Amino acid sequence: MAGPPVFLSARDVGSFAYLTVKDRLPQILTKAIDTLHRHKSEFFEKHGEKGLEAEKKAISLLSKLRNELQTDKPIVPLVEKFVDTDLWNQYLEYQQSLLNESNGKPRWFLSPWLFVECYMYRRIHEAIIQSPPIDDFDIFKELKDQNFFESQESIIALCTHLQELMKTIEDLDENQLKNEFFKVLQISLWGNKCDLSLSGGKTISQKTNLINSLEDLKPFILVNDMEHLWSLLSNCKKKREKASITRVDIVLDNSGFELVTDLVLADLLLSSKLATEIHFYGKMIPWFVSDTTLHDFNWIIKQLKHSNHKWVSKCGVDWENHIKMGRWVYLDHMFWTLPHEFSAMPQVAPDLYATLQKAHLILFKGDLNYRKLTGDRRWEFTIPFHEALNGFHPAPVCSIRTLKAEVQVGLQPGQGEQLTASVPNWLTIGKYGIFQFDGPL
Ligand SMILES: O=P(O)(O)OC[C@H]1O[C@](O)(CO)[C@@H](O)[C@@H]1O
Ligand SMILES: [Mn+2]
C-alpha cells in the first residue's frame, strides 16, 4: 500500500503554503515587533530600566527570526529551557533525518509548512521567555481583546438567543431541540471565520448577527455530518443511567468571538442534557495569533460577567458556575503547541491520548486542528476522512472548520474539481465550512 502523500510545503512556489511563508508570516513578525515598541512605556512603568532592556532584547530576537525566515536559513534548535524544548529539538532532528540523503537542512521554504509555521510561533515564545522581566507578555493579547470588543453586537445577539432558549428548553420536543442544536453548531462553525493569523494579524470581527445569516450560509457547508452528532449525543442521552456521564471534549481554536460561540455551544449541550460534562483544551502559549490560552478563557468569561447587558452578564455568571461546579473543565497540554500531526499523539503524548479516549465525542475547532488531523498533506479530495486520520481514533471525532489551507478530504467525486472551476481559491478564503465526523455511531 502506498504511504500517505507529501506534506504541504512552501517549496511549492505559488501554493498557499508558499505565500504564507513568504508574505503572511513576516507580516505577523513585523506586527509583533511593533507591538513590543508600542508597549515600551508600559514595560518601563512596570519594570524600570530592566523593562526597556528586555523590550530591546525581545525585538532584536524577533528581528533575527524574521531575517532567518526571509533569507531561508536552516531551522535552528531551540535554546531556552522550557517544558517542550527537548521534544521540539527531537522533532527538528527527525526532520533533519528525512533530508540526510540529500545532505540538506530543514529550512523555511523547504520543510513541511505545518512544521515551519508552528516553529515560528514557538520561536516568538522563545524570544519572550528569553527576555525577563517581560517574559509573561502575550504579544497577541491586544489583538484578541480587540476582536472581542469589536464583536460586541454579535455577542449580545448570541447571548440573548441562548438565554431566551433556556427559558423553554425543558419544553422543546425532539425536533425542536435538534433544530436548536444545529443552530448553535453552525454558529460555532462560522465563528471560525474570525481567526487573526489568516489576515496577517489585521482584526476580523463579527459585526453582523450570525443567527439571521445561517440559512444563507448553508450552501457553503461542504461536508455536513451534523446529523451524526445529533444521533450520537441523543442516543447517549437516552441510554444514560442516572449517575453516569456523557463527556464532550472541545479542542478550542480562537479566542474572541469564536470562543464565545464555542461556549454557547457548550452551554446548550449541558442545558439540553445532550452532555453532562465538557472538557476544553486550549494553548499553553500564545499561538497562531488568535488561539485561546487559559488567560483568554478566564478573561472572556469575566468580561461577559461584568457586561451591562443582562443576558450577556447572565451567560458570564452561568459559565463561571459551570467551571466552579466542575461541569466545565479547562485543560492545557503542551502537545497542542508541538508541530506533530495528531496521529503521533499516542507516542508523543500518551497521557493526552488516554484522556481523550474517555470522551464520548471530541470536537476539533478550526483550520489548524484540521491540518493536524489530516497531517497537512496533499490528499486527494475524495480520500475518506477516516483514512486521512492515519490511525488517530481516540473517540468519535468531528472537525468543525472553515477552510483556510489547501487540504480537504472526504468530498464527493467531482465536488472539489467543480469548486476549483467556479471559485479557484475556495480552499483558503474561509468562506466554506465543514462538519466532518469520524467514528462509530
Ligand atoms: O484559526 P484557525 O482556523 O486554525 O486558522 C489558522 C489558519 O490560518 C493560517 O495561519 C493562515 O496561514 C493557516 O495556516 C491556519 O491553518
Ligand atoms: Mn487559530
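Atom set for the values below is all heavy atoms of this structure, side chains included, hydrogens, waters and symmetry mates excluded. Read the numbers this way: they start at 1 and go in the same order the structure lists the ligands and their atoms. Predicted, not measured: the structure shown is a model, and the values here were computed from it. Position 1 is the first residue of the sequence, and the numbers go up from there.
Asp12 is not listed as a side-chain neighbour of Tyr18, based on a closest heavy-atom distance of 4.5 Å or more. Put simply, the side chain of Glu227 reaches to within 4.5 Å of the side chain of Phe182, judged on heavy atoms.
With a cut-off of 2.8 Å, the Mn ion (ligand 2) has an N, O or S atom of Asp291 in range. Among the atoms of Ser290, no N, O or S atom is found under 2.8 Å from the Mn ion (ligand 2).
Only the side chain of Arg24 comes within 4.0 Å of ligand 1, counting heavy atoms alone; its backbone N, CA, C and O stay farther away. Only the side chain of Trp113 comes within 4.0 Å of ligand 1, counting heavy atoms alone; its backbone N, CA, C and O stay farther away. Under 4.0 angstrom from ligand 1, there are no non-hydrogen atoms of Lys365.
In this structure, CD1 on Ile129 lies 5.0 Å from CD on Glu80, to the nearest 0.5 angstrom. The CG atom of Leu268 sits 7.0 Å away from the CG atom of Leu162 when rounded to the nearest 0.5 Å. Distance CZ/Phe437 to CE/Met226: 14.0 Å, rounded to 0.5 Å.
Annotation for ligand 1: atoms under 4.0 Å from non-hydrogen atoms of Arg371 are 13 (C), 14 (O), 15 (C), 16 (O). Every atom of ligand 1 is numbered from 1 in the order shown, and the set under 4.0 Å from a heavy atom of Asn254 is 1 (O). Atoms of ligand 1 lying under 4.0 Å from any heavy atom of Leu368, numbered from 1 in the order shown and given with element: 2 (P), 4 (O), 16 (O). Ligand 1 places these atoms under 4.0 Å from at least one heavy atom of Asp253: 1 (O), 2 (P), 3 (O), 4 (O). Listed by atom number, the atoms of ligand 1 under 4.0 Å from Thr20 heavy atoms are 12 (O).
Taking only nitrogen or oxygen atoms, main chain and side chain alike, Glu117 reaches within less than 3.5 Å of ligand 1. The shortest N/O to N/O separation between Asn192 and ligand 1 falls below 3.5 Å.
Within the 4.0 Å heavy-atom cutoff, Tyr370 does not count among the residues contacting ligand 1.
Asp253 has its closest N, O or S atom to the Mn ion (ligand 2) at the position named OD1.
In this structure, Tyr330 and Phe297 have tilted ring planes: the angle between them lies in the 30° to 60° band.
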Enumerate, atom names and distances included, each donor-acceptor pair closer than 3.5 Å involving a side-chain atom of residues 339-351, sequence neighbours excluded.
unit_1, atom_1, unit_2, atom_2, d
Glu341, OE2, Arg377, NH2, 3.0
Ser343, OG, Asn390, ND2, 3.4
Asp351, OD1, His333, NE2, 3.3
Asp351, OD2, His333, NE2, 3.0

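Figure legend: cation-pi geometry between Lys144 and Trp299 absent, as NZ or CZ is not positioned both under 6.0 Å from the six-membered ring centre and within 45° of its axis.
Applying the ring pair (Phe, Tyr, Trp, His ring centres under 6.0 Å) test to residues at least two apart or on different chains, the pairs with a partner in residues 405-433 are Phe220-Tyr432, Phe381-Trp426.
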